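This report refers to the structure that appears directly beneath it.
These numbers come from a predicted model, not from an experiment.
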Amino acid sequence: MNLDQLLNPATPPRRYVITGGPSAGKEAVFGLLHEMEIPATRGEPAREIYRKHRDRLGRHLQVGDRREYSRDVLAAFVAEFCEHKQGLWFYNRGIPDGYGWDAFFGLRPYPELEEATRIYRYDAVFVLDALDDFNSEDDLVWAKEREIRRVHELIVQGYYDAGYKPIFVPADEPRRRIDFILAQLPVPAV
Amino acid sequence: MTPSETLNDQASEDLVAEVRALVRDGLPVRRAGARLQALPGVRTRATDPSDRASLCGALESMLREELDRLDKAEWAQAARLLFGADASTALALLTSRRTAAAAAAGYEVHHFRKRIEPKICELVALQLRRASDAVAAAPAAPTLHPSRGPLVLPADVFAWEAAEHQHSVASLWGAAYLLRAELVTVARLLSMGAGEQQIALAADRALWRHAQVLAATAAYRAAYGAALLHTAADVTPEQIGASAGWTPTLTPTQDLLLAALGDPEQGFAAFTAALAQASGGAGLAATWRRALTGRTGSDQKEPT
């Protein structure tokens with residue numbers, strides 16, 4: 001199968017999530033996807049929403065603020081899901097990342113998240129393994145933090161909870177990781 | 001020492017036996033042995049660690065993840081089939097799951113049952129324990145290591161929040177250690193029979209640091225709630241403060257007053273001045289000094 005077949009826009013929507021904890025090398029993978037002109041999320045909506053909430057509050061988010069933030073991020077994920085109508089698209093994180101986010105703060109999943117998880121289903125989920133045993137990243141020190149490993153575990157757990165069977169992408173150069181991901185994709189029905 | 005290293009042989013055997021029981025039942029996990037339920041990794045993943053169903057759900061997710069990344073890759077598919085984690089054997093009886101697993105591993109089924117299956121169970125038990133090792137069960141100060149380069153954070157909301165959380169935890173532990181330093185100084189001065197004024201000053205410095213502990217505790221609670229995140233047991237921020245050592249019991253009003261004056265940017269002189277001006281502040285300081293030192297000496301003076 002060649003890349004053109006995969007990228008054929010005249011096919012039903014195929015939605016794939018690429019996720020993982022911080023320092024999993026997600027940014028490098030998405031950067032290369034863009035270079036290769038493979039349709040994929042640009043930026044990460046949650047980051048801008050996070051900044052806006054902090055700016056509005058004038059401080060770090062607290063217990064009472066987190067649910068509202070989660071809802072805003074969920075709305076952005078749902079909007080991004082629905083915007084995609086045809087062909088292949090790689091999402092920078094997906095709706096079930098919300099489970100990991102809530103679990104990080106010891107919160108239970110909320111009804112809107114569970115409902116969105118049921119309604120908006122991705123075709124496959126790729127989890128980038130942490131780069132902590134891979135010797136080429138600036139943020140290697142951070143990747144070894146226990147809390148970062150924990151975030152990664154919680155994100156993975158969230159996808160299992162949401163009924164997905166994630167495909168783990170080994171730590172490697174971005175190009176090889178993309179090749180690995182593309183090799184898992186089925187040929188689209190035209 | 002890691003938690004797994006503290007498990008004795010009997011405990012390890014028990015854990016393997018409980019994994020074998022999971023094989024018998026197959027997925028989904030509807031019941032789990034006490035050792036599996038008690039794994040820190042399971043308890044921290046569970047939405048409600050006091051709820052058995054929640055623990056079973058957390059164990060199942062953890063189990064699926066470990067099966068998906070089994071150390072012995074050539075057995076990975078067989079292990080998934082055996083546990084019923086693969087769609088083709090999901091909800092099937094053990095005999096069917098075992099037959100499919102043996103075929104996938106390339107063994108005759110009896111050989112598989114006797115020789116390979118026990119090894120798979122041992123491996124899964126080992127991986128579950130190892131995955132739990134990273135989770136601390138008791139309050140312990142973050143372990144720090146020297147770094148060769150600057151810390152570079154990825155532009156990621158999870159990383160930002162993890163950094164915020166580390167800041168809060170480090171502030172809390174930092175305040176607790178600074179209080180500890182003052183408490184042991186008070187104890188040393190008392191032991192050495194130091195002058196009353198010197199002891200009173202040390203006690204006042206301990207009160208200053210105690211105020212900072214209370215402020216850091218309040219800040220943690222506001223940001224993250226009553227329990228410390230990512231600990232297997234329900235550790236509270238107050239427990240971290242308490243680990244500094246014994247401190248006199250104060251009233252809730254006094255605690256609130258101290259927390260309000262516990263700005264870590266504020267120096268000792270500014271703190272004592274603000275406390276002296278606050279309603280009830282002078283009395284609080286005198287009560288603290290008396291309780292902490294057991295002295296009511298005439299040369300103990302209010303801080304200036």
Side-chain angles (χ1 to χ4, degrees), chain A residues 20-27 43-44 46-47 49-51 54 59-66 69 73 93 97 99-109 127 129 137-161 165-168, chain B residues 41 44-49 54 57-58 60-65 67-69 80 85-87 131-136 142-143 145-169 219-231 234:
Chain A
S23 300
K26 199 157 51 68
E27 205 144 337
E44 188 179 345
R47 286 202 298 242
I49 296 169
Y50 185 87
R51 286 195 179 100
R54 279 194 74 123
R59 57 164 169 73
H60 176 219
L61 273 66
Q62 295 187 341
V63 174
D65 312 315
R66 297 200 193 285
Y69 168 76
V73 172
R93 301 200 187 283
D97 274 75
Y99 285 94
W101 181 262
D102 285 350
F104 184 81
F105 298 107
L107 303 173
R108 286 174 173 277
V127 173
D129 276 344
E137 289 290 308
D138 291 340
D139 51 12
L140 194 65
V141 179
W142 181 245
K144 285 185 174 168
E145 295 285 338
R146 192 172 69 83
E147 206 151 8
I148 292 306
R149 291 170 187 268
R150 186 93 203 94
V151 168
H152 188 81
E153 283 174 9
L154 292 173
I155 290 170
V156 173
Q157 164 98 12
Y159 279 91
Y160 279 118
D161 288 348
K165 186 179 183 308
I167 298 165
F168 294 96
Chain B
T44 48
R45 284 180 184 222
T47 314
D48 179 2
S54 177
E60 180 171 334
S61 300
M62 206 169 152
L63 177 62
R64 284 182 184 276
E65 186 175 346
L67 290 172
D68 284 342
R69 48 172 84 240
R80 282 193 289 272
D86 190 277
S132 280
D133 281 355
V135 183
T143 308
H145 303 283
S147 297
R148 278 174 296 179
L151 188 59
V152 180
L153 249 61
D156 184 299
V157 287
F158 283 98
W160 298 339
E161 275 295 336
E164 287 278 8
H165 186 245
Q166 284 201 5
H167 177 98
S168 294
V169 172
Y220 189 95
R221 271 183 167 267
Y224 303 105
L228 224 63
L229 299 184
H230 319 308
T231 50
D234 280 343

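Between A:Glu44 and B:Ala155, the closest heavy-atom pair is OE1-O, 4.3 Å. The two residues A:Ala46 and B:Val157 come nearest to each other via the heavy atoms O-CG1, 3.6 Å. Considering all non-hydrogen atoms of both residues, B:Phe158 and A:Pro22 come closest at CB-CG, 3.6 Å.
Side-chain atoms of B:Arg221 and A:Val63, non-hydrogen and from C-beta on, never get closer than 4.5 Å to each other. With a 4.5 Å cut-off on side-chain heavy atoms, B:Leu229 and A:Arg150 do not count as touching. At a threshold of 4.5 Å between non-hydrogen side-chain atoms, the residues A:His60 and B:Trp160 do not count as touching.
The existence of a salt bridge linking A:Arg54 and B:Glu164 is confirmed by a sub-4.0 Å separation between a basic side-chain nitrogen and an acidic carboxylate oxygen.
Using a 3.5 Å distance cut-off with no hydrogens or angles, the side chains of B:Glu161 and A:Tyr50 do pair a donor with an acceptor. A side-chain donor-acceptor contact under 3.5 Å links A:Tyr160 and B:Asp68.
A:Tyr69 touches chain B through its side chain: at least one heavy atom from C-beta onward sits under 4.5 Å away, while N, CA, C and O do not. A:Asp97 touches chain B through backbone and side chain together, each having a heavy atom under 4.5 Å away. The contact between A:Val156 and chain B is made entirely by side chain atoms (from C-beta outward), counting heavy-atom distances below 4.5 Å. Contact of A:Ile167 with chain B is not made at all, since no heavy-atom distance falls under 4.5 Å. Residue contact with chain B, scored on non-hydrogen atoms closer than 4.5 Å, involves the side chain of A:Arg93 exclusively.
Ring orientation note: the planes of B:Tyr224 and A:Phe105 are close to parallel, at an angle under 30° on the 30°/60° scale.
Between chain B and the residues A:Lys26, A:Arg51, A:Arg59, the most heavy-atom pairs under 4.5 angstrom are made by A:Arg51.
Here the OG-CD distance, from B:Ser61 to A:Glu153, works out to 11.5 Å after rounding to the nearest 0.5 Å.
The closest donor-acceptor contact from the side chain of A:Arg66 to the backbone of B:Ala223 lies under 3.5 Å.
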